[in-house]
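Data first, discussion second: the structure below is written as structure tokens.
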Amino acid sequence: MNILQINSSIFSGAGQSSGLADQFVARLRARNPGARLTVRDLAADPVPHLDATRFGAFLAKPEDRTPTQQVVVAYSDALIDELKRADVVVLGLPLYNFGLPSTLKAYFDHVGRAGVTFKYTDKGPVGLLTGKKVYVFAARGGFYAGTPNDSQTPYIRSFLSFIGMSDIEFVYAEGLAVSEASKQQGIARARVEVERLAGAVREPEFAVA
Ligand SMILES: Cc1cc2nc3c(=O)[nH]c(=O)nc-3n(C[C@H](O)[C@H](O)[C@H](O)COP(=O)(O)O)c2cc1C
């Protein structure tokens, strides 16, 4: 089993979302000692913003790409290959200014590639990164889950499903900025949910190959 953990907190591994992701990964690895873990820290190793030059490199025919464009495409290809190799994707997802971290958006902009991670067909777009399970650990200062103000859950579902990753579970740690008591309660509840989720994982799904 290959696990890809993507941390998108500006605090890297010290973020609350990263901590919950760590807890979940630790439980998976305890049950699957042969599992291979790759950690992508988007704060320590940020993906550049997508701009017209980079997008132009994606669109250029392989044989026409300049050396600079080849470097851009190779970088995106490497991010996509890392995702392709993953059986399980674990995402630490903070809420910043009512949205996802800009580093995560930049990452998505480099892995959402027509003809590579999705394709257009007569019947509409089809995602190509199928057969993966995704676990999202969301940390928020306030309370949003289950309300129309939760911009992240539908967005993450839409984007990941678009590239073929539609099997997604969310765990929320909320109220982290309301008071110390609220923070402790939000984290404690989320940690219980992490344990429940890790315990509910179907064994064959995580059998070591
Ligand atoms: C720059 C910044 C913006 C934030 N914006 C929001 C927000 O819009 N709504 C909210 O409920 N919490 C907000 N928060 C609180 C974070 O969601 C909370 O601290 C959470 O723990 C962040 O996840 P992390 O610890 O993994 O980085 C913000 C925090 C920071 C640092």
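Bear in mind that the values here come from a model prediction, so they are computed numbers and not experimental data. Both ligands and their constituent atoms are indexed starting at 1 by order of listing.
Residues Asn2 and Thr38 have side chains not in contact (no heavy-atom distance under 4.5 Å, counting atoms from C-beta outward). Leu160 places a side-chain heavy atom less than 4.5 Å from the side chain of Phe108. For the pair Tyr172/Asp150, a side-chain contact is recorded, criterion being any heavy-atom separation below 4.5 Å from C-beta on.
Residue Phe98 has at least one nitrogen or oxygen atom sitting less than 3.5 Å from a nitrogen or oxygen atom of ligand 1, judged on distance alone. Checked against a 3.5 angstrom limit, the closest N/O atoms of Leu176 and ligand 1 fall outside it. Distances between N or O atoms of Ile10 and those of ligand 1 include no value under 3.5 Å. Residue Ser18 has no nitrogen or oxygen atom sitting less than 3.5 Å from a nitrogen or oxygen atom of ligand 1, judged on distance alone. Considering both main-chain and side-chain atoms, Gly15 never comes within under 3.5 Å of ligand 1 through any nitrogen or oxygen pair.
The single protein non-hydrogen atom nearest to atom 22 (C) of ligand 1 is Pro94 CB, 3.6 Å, given as residue, atom name and distance. At the shortest separation from atom 17 (O) of ligand 1 among protein heavy atoms lies Leu95 O, 2.7 Å. Of the protein's heavy atoms, Ser17 OG, 2.5 Å lies nearest to atom 26 (O) of ligand 1. Here the protein heavy atom with the shortest distance to atom 30 (C) of ligand 1 is Tyr96 CD2, 3.5 Å. For atom 25 (O) of ligand 1, the nearest non-hydrogen atom of the protein is Gln16 N, 2.8 Å. Protein heavy atom nearest atom 15 (C) of ligand 1, with residue, atom name and distance: Gly141 N, 3.7 Å. The protein atom (non-hydrogen) at minimum distance from atom 10 (C) of ligand 1 is Tyr144 OH, 3.3 Å. Summary of contacts: the protein heavy atom closest to atom 5 (N) of ligand 1 is Asn97 N, 2.8 Å.
Using cut-offs of 30° and 60° for the angle between ring planes, the Phe162 and Phe118 rings count as tilted. In this structure, Tyr155 and Phe159 have parallel ring planes: the angle between them is below the 30° cut-off, well short of the 60° mark.
The hydrophobic clustering, which links ILVMFWY residues whose side-chain heavy atoms are closer than 4.5 Å, places Leu91 and Tyr144 apart. Clustering ILVMFWY residues whenever any of their side-chain heavy atoms sit less than 4.5 angstrom apart, transitively, puts Leu50 in the very cluster that holds Leu59.
Counting the atoms of ligand 1 from 1 in the order shown, those under 4.0 Å from a heavy atom of Arg140 are 17 (O). In summary, the atoms of ligand 1 found under 4.0 Å from a heavy atom of Gly142, numbered by their order in the structure, are 10 (C), 11 (O).
Taking a distance limit of 4.0 Å, we find that atom 19 (O) of ligand 1 is approached by no protein heavy atom.
Judged by distance alone, with hydrogens and angles left aside, the side-chain atoms of Ser18 form no donor-acceptor pair with the main-chain N or O of Asn7 at under 3.5 Å. In this structure, the side chain of Glu174 engages the main chain of Ala145 through a donor-acceptor pair within 3.5 Å.
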For residues 93-105, run the donor-acceptor check on the side chains, cut-off 3.5 Å, and write out each pair with its distance to 0.1 Å, sequence neighbours left out.
residue	atom	partner	partner atom	Å
Tyr96	OH	Ser9	OG	3.4
Tyr96	OH	Ile10	N	2.9
Lys105	NZ	Asp109	OD1	2.9
Lys105	NZ	Asp109	OD2	3.2

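Residue Phe143 places no heavy atom under 4.0 Å from ligand 1.
Minimum interatomic distance between His49 and Arg54 (heavy atoms only, all atoms of both residues): O-CD, 3.4 Å.
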